[in-house]
Amino acid sequence: MAEIEKPGTNGEQTASNFIHNIIEKDLENQTYGNRVYTRFPPEPNGYLHIGHAKSICLNFSTAQKYNGKCNLRFDDTNPVKEDTEYVESIEADVKWLGFQWDKLLFASDYFDKMYECAVALIQKGKAYVCDLTAEEMKQHRGTLTEPGKESPYRTRSVQENLELFESMKQGQFKDGEKVLRAKIDMSSPNINMRDPVIYRIAHAEHHNTGDKWCIYPMYDYAHPIEDAIEGITHSICTLEFEDHRPLYDWVLKELEWEQPPQQIEFARLNLTNMVMSKRYLKALVDDGNVDGWDDPRMPTIAGLRRRGFTPEAIRDFCERIGVSKANSMVDIALLEHCIREDLKDKVESRMVVMNPLKVVITNYPEDVTEEVDIENSKEDEAKGIRKVPFSRELYVERDDFMEIPEKKYFRLFPGNEVRFKGAYFITCQDVVKDDDGNVTELRCTYDPETRSGSGFDGRKVKGTIHWVDAKTAVKIKIRSYGYLMIEDEKGENILNPDSLKEFEAYGEPALLHTAAGTRYQFFRHGYYIADEALTNDSDKVFNQIVDLKSSWKK
Ligand code: ATP
Ligand code: MG
């Protein structure tokens with residue numbers, strides 16, 4: 001495994017990155033005049049993930065920074081795996097992240113132009129139709145240490161190639177029977193330059209062009225043409241395409257494009273406890289291991305959104321990780337840090353008891369319910385206060401009681417006094433147990449003089465705990481999440497079999513009116529959002545966004 005980067009170590013100085021340095025040189029040299037034009041080119045074969053967010057932020061904010069433009073272009077040259085559902089989700093995700101494209105484009109709209117370009121290459125003697133099978137082609141390709149072998153079809157005449165390519169287009173051959181290859185150099189040290197395939201036959205329905213085409217351009221051939229047609233200046237992609245750059249440049253040189261765009265590679269985002277591959281994520285969805293692409297455990301933008309992440313937090317994260325040429329692994333704790341930072345003074349706080357233990361205040365009148373004032377946010381006074389009912393019977397967290405306290409335990413135990421958040425000082429006097437000896441109820445007393453805000457200035461207590469009033473509490477559902485991926489004993493990444501816990505909890509009555517999509521801090525627990533899909537008038541289902549404590553050590 002790659003070394004895990006300390007979150008935030010390169011976060012403070014990401015205002016510039018090496019790509020911006022290249023662009024500034026180009027502006028100085030007027031390589032493209034004053035133009036800076038980027039694009040985000042997803043293949044619509046799945047939902048976007050947080051890795052794509054890195055590329056989106058980079059492309060769109062680079063264009064913004066230099067008064068340039070950025071296109072959203074669907075790289076839809078592979079008909080079999082693409083779908084309009086994905087097209088729509090990608091558009092929604094880019095917008096949600098807060099970016100607006102200059103143009104919305106489809107690579108498939110350029111199929112005619114790409115075909116013309118291929119014909120032009122054939123006419124120049126730079127491409128030929130090859131009949132080798134995939135297996136034979138592999139044998140001819142050579143290895144890193146041995147040169148490849150030329151195809152016997154390499155010397156076909158221009159005329160024959162033109163006719164065969166036209167017949168390929170007309171549908172006269174079956175899938176795999178023939179391909180069009182660039183004629184470059186079978187002994188190139190770069191295997192990508194050993195007469196790569198640039199067109200293949202696929203009798204498949206395309207989501208955009210239907211059955212108009214049965215030949216489709218290969219990515220390495222199509223991409224530079226797409227960029228060039230759109231007038232892209234800086235074509236930013238991930239590191240695995242570095243070895244493909246000579247082919248990118250070859251295509252544009254042979255097509256004699258003026259001011260050709262330049263490809264610049266950066267390192268992909270890898271996150272601990274996550275997988276960043278559409279193929280893997282799609283398998284999770286298809287196999288029913290998660291509840292769809294927007295399952296809150298997924299690293300997809302849709303999943304993060306449903307989980308309660310904000311666009312601000314994701315953009316902040318992308319800023320902090322920066323852009324570099326070296327592959328690395330980013331600690332997911334940094335992403336969690338970013339959402340905590342963003343929500344800290346944005347959301348209101350509420351009290352929720354997840355694992356209830358009943359408390360009876362024996363000296364509190366039986367038929368009285370009073371309302372205590374509790375501030376909505378510790379961070380932001382302007383958020384005001386709310387009234388919360390308090391009466392003789394309450395719930396507290398089981399964890400906030402210990403019959404025999406450990407050292408430094410300042411919460412409830414027999415004889416100890418604590419503050420109930422926003423209400424009174426309460427002393428645990430006694431416990432009630434069931435037949436098995438489990439504590440089922442705490443018998444407590446309160447001191448009426450200690451009501452919060454009453455100006456009481458007497459003794460201090462060390463613990464403040466949250467509570468809900470038993471009579472008026474509302475039942476809510478909590479979904480709490482573990483990481484999608486964990487390491488097994490052998491250190492291998494496996495799917496966490498225990499990544500979702502769902503249980504009921506008691507909340508203060510105001511939660512009954514929570515609208516789907518509302519975020520709260522549940523006091524002493526963490527940040528939560530009312531699930532968009534599962535929350536309605538009668539059911540309140542909250543996704544845990546992140547807990548309060550940071551495992552990120554500065
Ligand atoms: P995956 O491997 O997850 O299927 P992909 O690279 O095939 O992703 P594309 O739709 O081709 O997905 O990607 C669109 C853009 O997003 C590309 O420019 C790609 O380089 C970039 N991208 C994809 N994954 C990451 C990542 N983990 N970090 C940064 N950029 C990424
Ligand atoms: Mg791809």
Side-chain angles (χ1 to χ4, degrees), residues 347-381 383-402 410-432 439-476 478 504-514 518 520-526 528 540 542 548:
V347 303
E348 295 191 1
S349 175
R350 295 287 182 268
M351 292 194 294
V352 167
V353 171
M354 308 230 176
N355 188 10
L357 176 60
K358 186 152 218 187
V359 166
V360 178
I361 318 268
T362 52
N363 62 337
Y364 194 91
E366 298 248 357
D367 44 7
V368 171
T369 297
E370 67 179 302
E371 286 188 314
V372 300
D373 290 338
I374 300 188
E375 83 267 4
N376 283 324
S377 168
K378 253 215 288 243
E379 308 283 335
D380 180 11
E381 227 175 90
K383 291 206 161 37
I385 52 150
R386 68 185 183 287
K387 304 269 181 209
V388 182
F390 178 95
S391 69
R392 183 181 159 90
E393 297 198 353
L394 309 158
Y395 293 116
V396 298
E397 299 288 350
R398 222 157 241 288
D399 273 358
D400 285 336
F401 169 78
M402 277 188 115
F410 300 120
R411 291 170 274 165
L412 289 166
F413 55 86
N416 194 41
E417 186 172 51
V418 301
R419 175 182 286 288
F420 273 33
K421 168 83 178 166
Y424 298 95
F425 283 14
I426 289 180
T427 305
C428 175
Q429 304 291 359
D430 200 1
V431 303
V432 178
V439 175
T440 54
E441 193 179 298
L442 304 182
R443 313 284 292 175
C444 301
T445 52
Y446 84 120
D447 177 353
E449 300 301 312
T450 57
R451 186 174 161 153
S452 284
S454 67
F456 168 77
D457 56 0
R459 64 196 179 274
K460 295 231 165 26
V461 290
K462 280 200 164 143
T464 296
I465 65 172
H466 62 279
W467 49 274
V468 294
D469 172 53
K471 212 167 28 215
T472 54
V474 296
K475 272 200 177 155
I476 61 173
I478 302 284
E504 280 192 330
Y506 288 117
E508 54 179 270
L511 288 173
L512 193 60
H513 309 289
T514 307
T518 309
Y520 289 119
Q521 185 193 113
F522 287 164
F523 185 62
R524 297 177 65 221
H525 283 299
Y528 289 78
K540 307 296 166 189
F542 287 91
L548 283 181

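The analysis underlying the following values was restricted to heavy atoms, covering all of them including side chains, and did not include hydrogens, waters or symmetry mates.
- Judged as a salt bridge (Lys or Arg N to Asp or Glu O under 4.0 Å), and not counting sequence neighbours, Asp399 has no contacts.
- Partners of Arg443 by salt bridge (Lys or Arg N to Asp or Glu O under 4.0 Å), not counting sequence neighbours, listed by chain and number: Glu441.
- A distance of 9.5 Å separates CG in Asp430 from CG in Leu442, rounded to the nearest 0.5 Å.
- With sequence neighbours excluded, the residues satisfying side chain to side chain contact (heavy atoms under 4.5 Å, CB included) with Asn376 are Glu348, Arg350, Lys383, Arg386.
- Between Val372 and Phe390, the shortest heavy-atom contact is CG1-CB, 4.2 Å.
- When side chains are defined from C-beta on, Ile374 counts as touching Met351, because their heavy atoms get closer than 4.5 Å.
- Note on residues 466-475: pairs passing salt bridge (charged side-chain N to carboxylate O under 4.0 Å, His left out), not counting sequence neighbours, are Lys475-Glu504.
- Under the rule for a salt bridge (Lys or Arg N to Asp or Glu O under 4.0 Å), Glu379 has no partner lying at least two apart in sequence or in another chain.
- Here Lys421 contributes atom NZ and Ser349 contributes atom OG; the two are 6.5 Å apart, rounded to the nearest 0.5 Å.
- A pairwise comparison of heavy atoms in Val352 and Ala505 identifies CG1-CB, 3.8 Å as the closest pair.
- Gln521 has its side chain within reach of Leu548: a pair of non-hydrogen atoms, C-beta onward, lies under 4.5 Å apart.
- In this structure Tyr395 satisfies the ring-ring contact (aromatic ring centres under 6.0 Å, His included) test together with Tyr506, sequence neighbours excluded.
- By the 30° and 60° cut-offs, the orientation of the rings of Phe420 relative to Trp467 is parallel.
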Side-chain donor-acceptor distances from residues 422-429 under 3.5 Å, at least two apart:
unit_1, atom_1, unit_2, atom_2, d
Tyr424, OH, Glu370, OE1, 2.9
Tyr424, OH, Glu370, OE2, 2.6
Gln429, NE2, Thr445, OG1, 2.6

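- Contacts classified as salt bridge (charged side-chain N to carboxylate O under 4.0 Å, His left out) and involving residues 354-366 (residues at least two apart or in different chains) are given here: Lys358-Glu393, Glu366-Arg392.
- Listed by chain and number, the residues in a side chain to side chain donor-acceptor pair (under 3.5 Å) with Asp373 are Lys387 (sequence neighbours excluded).
- Cys444 SG to Leu394 CG: the interatomic distance, rounded to the nearest 0.5 Å, is 8.5 Å.
- Considering only heavy atoms from C-beta on, Phe401 comes within 4.5 Å of Pro414 through its side chain.
- For the pair Lys462 and Asn416, the minimum side-chain heavy-atom distance is 4.5 Å or more.
- The two residues Ile361 and Ser391 make their nearest non-hydrogen contact at CG1-O, 4.2 Å.
- Scored by the side chain to side chain contact (heavy atoms under 4.5 Å, CB included) test, Val474 finds Ile476, Leu511, Leu512 as partners (sequence neighbours excluded).
- Distance check: Lys460 NZ to Glu417 CD gives 13.0 Å after rounding to the nearest 0.5 Å.
- For the residue pair Thr472 and Pro389, the shortest heavy atom distance occurs at OG1-CG, 3.3 Å.
- Here Arg411 contributes atom CZ and Asp400 contributes atom CG; the two are 5.0 Å apart, rounded to the nearest 0.5 Å.
- With sequence neighbours left out, the ring-ring contact (aromatic ring centres under 6.0 Å, His included) criterion links Phe522 to Tyr528, Phe542.
- By the salt bridge (Lys or Arg N to Asp or Glu O under 4.0 Å) test, Glu397 is found to be paired with no residue, residues two or more places apart in sequence or in another chain being considered.
- Remark: Phe410 CZ to Thr464 OG1 distance equals 12.0 Å, nearest 0.5 Å.
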